[in-house]
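Quick note on labels: first sequence line is chain A, next is B, and so on, each numbered from 1.
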Number of protein chains: 2
Amino acid sequence: MEKTGHSRRARGRPPGFDRAAALERALALFWERGYEGTSVAELVEAMGITPPSLYGAFGSKEGLYREALALYGEGPGRFGPRALAEEPTARAAVARLLREAAEVFTDRSRPGGCMISTAVLSCAPEHRAVAEAVAGMRAAATDALAERIGRGIAAGELPEGTDARALARFYGAVIQGMSVQARDGADHDALAAIARTALAAWPSPPGPE
Amino acid sequence: MEKTGHSRRARGRPPGFDRAAALERALALFWERGYEGTSVAELVEAMGITPPSLYGAFGSKEGLYREALALYGEGPGRFGPRALAEEPTARAAVARLLREAAEVFTDRSRPGGCMISTAVLSCAPEHRAVAEAVAGMRAAATDALAERIGRGIAAGELPEGTDARALARFYGAVIQGMSVQARDGADHDALAAIARTALAAWPSPPGPE
DNA sequence: CCATTATCATAGCGATCACTATGAAACGTG
DNA sequence: CACGTTTCATAGTGATCGCTATGATAATGG
């Protein structure tokens with residue numbers, strides 16, 4: 001038996017920068033300029049580190065981008081899963097999803113729009129893997145939305161024949177369009193109005209007939 | 001008086017390539033890969049010309065991209081203005097706009113989605129002028145849609161208080177979202193279903209009350 | 001103290017970026 | 001034919017791309 005003794009400090013020279021803080025800087029830059037529009041030189045400048053530190057900590061530009069995407073999902077993008085999980089009905093969940101998207105997408109303390117909804121929609125062939133990773137996150141978001149709507153249908157909140165996946169694609173499209181317009185400079189009220197109009201397309205509840 | 005005589009042929013050596021055809025090849029490549037994702041080397045390869053010919057005919061990569069955007073507007077993107085101009089009512093115009101967008105965005109003979117709706121949403125700072133040019137085309141499209149809806153309101157097709165610009169932004173967002181999903185591989189039926197759902201949000205006509 | 005380990009800064013790798021200088025080739029004109 | 005004009009192909013410009021080799025520096029373990 002040996003004492004595994006997690007030493008209080010690691011062995012060699014300790015890191016000279018805050019990894020989490022550096023990743024947040026990278027997230028902001030990627031969010032603003034996109035994957036292809038952000039260079040490693042700009043990243044290291046914004047993160048306050050040197051290239052060897054970046055590659056030591058994140059492996060590659062692509063690895064850093066993927067970690068930034070994950071951090072987005074746990075931070076600014078968290079409102080989505082929360083809305084789907086915490087509201088009592090599918091309609092309330094979608095209403096909150098749209099309402100909060102209008103807020104997050106126009107938060108002045110951050111880049112405009114959504115980092116996932118409208119990222120890497122076209123790119124050089126050598127970046128296809130990155131594009132597919134982001135597209136996969138969009139698909140996962142639509143799946144989660146369809147699942148929530150499906151539960152609403154099962155609960156009798158919506159007409160029986162309602163197509164959960166189709167409705168999820170519609171509201172996904174609205175959110176993606178809101179992200180486009182936020183990137184084009186639309187303000188909160190413009191996006192909130194889009195959200196309200198989209199809700200008018202919500203299927204009528206089954207009549208008591 | 002001198003004969004201005006437009007000579008049948010230009011003076012020097014005649015061009016060895018079809019400018020219009022080369023531009024179409026460039027359009028397809030830009031559409032598929034985006035502005036930053038397309039290199040001049042790939043462009044000259046696809047266009048079947050050499051770099052000096054490209055720069056002689058189009059000035060720069062940016063100039064070529066701007067001409068490609070214009071060609072898109074006169075070709076695949078022509079369905080938008082046509083729908084707004086040719087339909088008798090605002091609702092019919094929007095319905096056709098959405099229906100044809102679903103077709104064009106999933107035309108298998110072309111890249112997916114819209115070249116304007118979802119292009120250059122983020123980029124390096126040195127390409128800001130290009131991004132603004134595309135954003136300007138999105139704004140112009142929304143303006144045209146708002147104008148058509150406004151005429152519908154004036155014609156009594158919609159409730160008096162209807163906000164034409166807000167409604168235009170909503171349907172613009174739907175089209176942008178359809179473009180995102182087309183780029184992600186959505187098929188025609190999926191987009192057509194989004195279009196149909198969006199039409200359900202069309203304001204009810206003013207009752208005779 | 002020395003040895004080990006890990007991170008740091010400097011400098012620069014080959015490849016590609018958008019773009020162009022140079023001169024030969026292909027046309028109308030004299 | 002030679003001339004002026006324009007386009008062509010070759011080759012390469014400096015700059016930047018993502019990434020890394022090298023060696024100094026700073027910590028722990030003995």
Assert yes or no for the condition that the ring centre distance of A:Trp202 to A:Tyr171 is strictly below 6.0 Å. yes

Closest to the 5' end of DNA chain D, once A:Glu36 and B:Ile49 are matched to their nearest nucleotides, is B:Ile49

Atom pair distance, as rounded to whole Å: CD in B:Glu62 and P in C:dC17: 18 Å

What is the separation between atom CG on A:Leu54 and atom P on C:dC8, rounded to the nearest whole Å? 11 Å

Just the rounded figure in Å: distance from P of D:dC17 to NE2 of A:His127. 12 Å

Identify whether any heavy atom of A:Phe58 sits under 4.0 Å from a base atom; if not, whether one sits that close to sugar-phosphate; answer base, sugar-phosphate or nothing. nothing

Under 4.0 Å, counting only non-hydrogen atoms across every strand here, what does A:Gly16 touch: a base, just sugar-phosphate, or nothing? sugar-phosphate

Run A:Arg138 and A:Leu121 through side-chain contact (heavy atoms from CB on, under 4.5 Å) and show every step you take. CA-CA 11 Å; A:Arg138 282 192 290 272; A:Leu121 292 171; 3.6 Å; yes

Quick note, A:Lys61 side chain, CB onward, closest among D:dG18, D:dA11, C:dA18 is D:dG18

Hey, are A:Arg99 and A:Glu103 close enough for a salt bridge, meaning a charged N less than 4.0 Å from a carboxylate O? no

A:Pro15 near the nucleic acid: base, sugar-phosphate alone, or nothing, with a heavy-atom cut-off under 4.0 Å? sugar-phosphate

Taking CZ from B:Phe30 and C1' from C:dA18, how many angstroms apart are they, rounded to a whole number? 11 Å

Closer to the 5' end of DNA chain D via nearest nucleotide, is it B:Glu126 or B:Phe17? B:Phe17

In terms of side-chain geometry, is the basic nitrogen of A:Arg33 or A:Glu42 positioned less than 4.0 Å from the acidic oxygen of its partner? yes

Atom CD of B:Glu42 and atom P of C:dA15 are separated, to the nearest Å, by 17 Å

With a 4.5 Å cut-off on side-chain heavy atoms, are B:Val120 and B:Glu132 touching? no

Can a side chain N or O of B:Thr50 be found less than 4.0 Å away from OP1 or OP2 on D:dC8? no

What is the distance, rounded to the nearest whole Å, between atom CD of B:Glu45 and atom P of C:dA18? 15 Å

Select one nucleotide: of C:dA26, D:dA26, C:dC8, the one nearest the side-chain heavy atoms of B:Pro14. C:dA26

Return no unless some side-chain N or O of B:Tyr55 is found under 4.0 Å from OP1 or OP2 of C:dC19. yes

Ignoring hydrogens and angles, does a donor from either the side chain of A:Arg13 or the base of C:dT5 sit under 3.5 Å from an acceptor on the other? no

Under 4.0 Å: is that the gap between some side-chain N or O of A:Ser53 and OP1 or OP2 of C:dT7? no

To the nearest Å, how far apart are A:Tyr35 OH and D:dC17 P? 13 Å

Given C:dC17, D:dC19, D:dG4, the nucleotide with the shortest approach to the side chain of B:Ser39: C:dC17

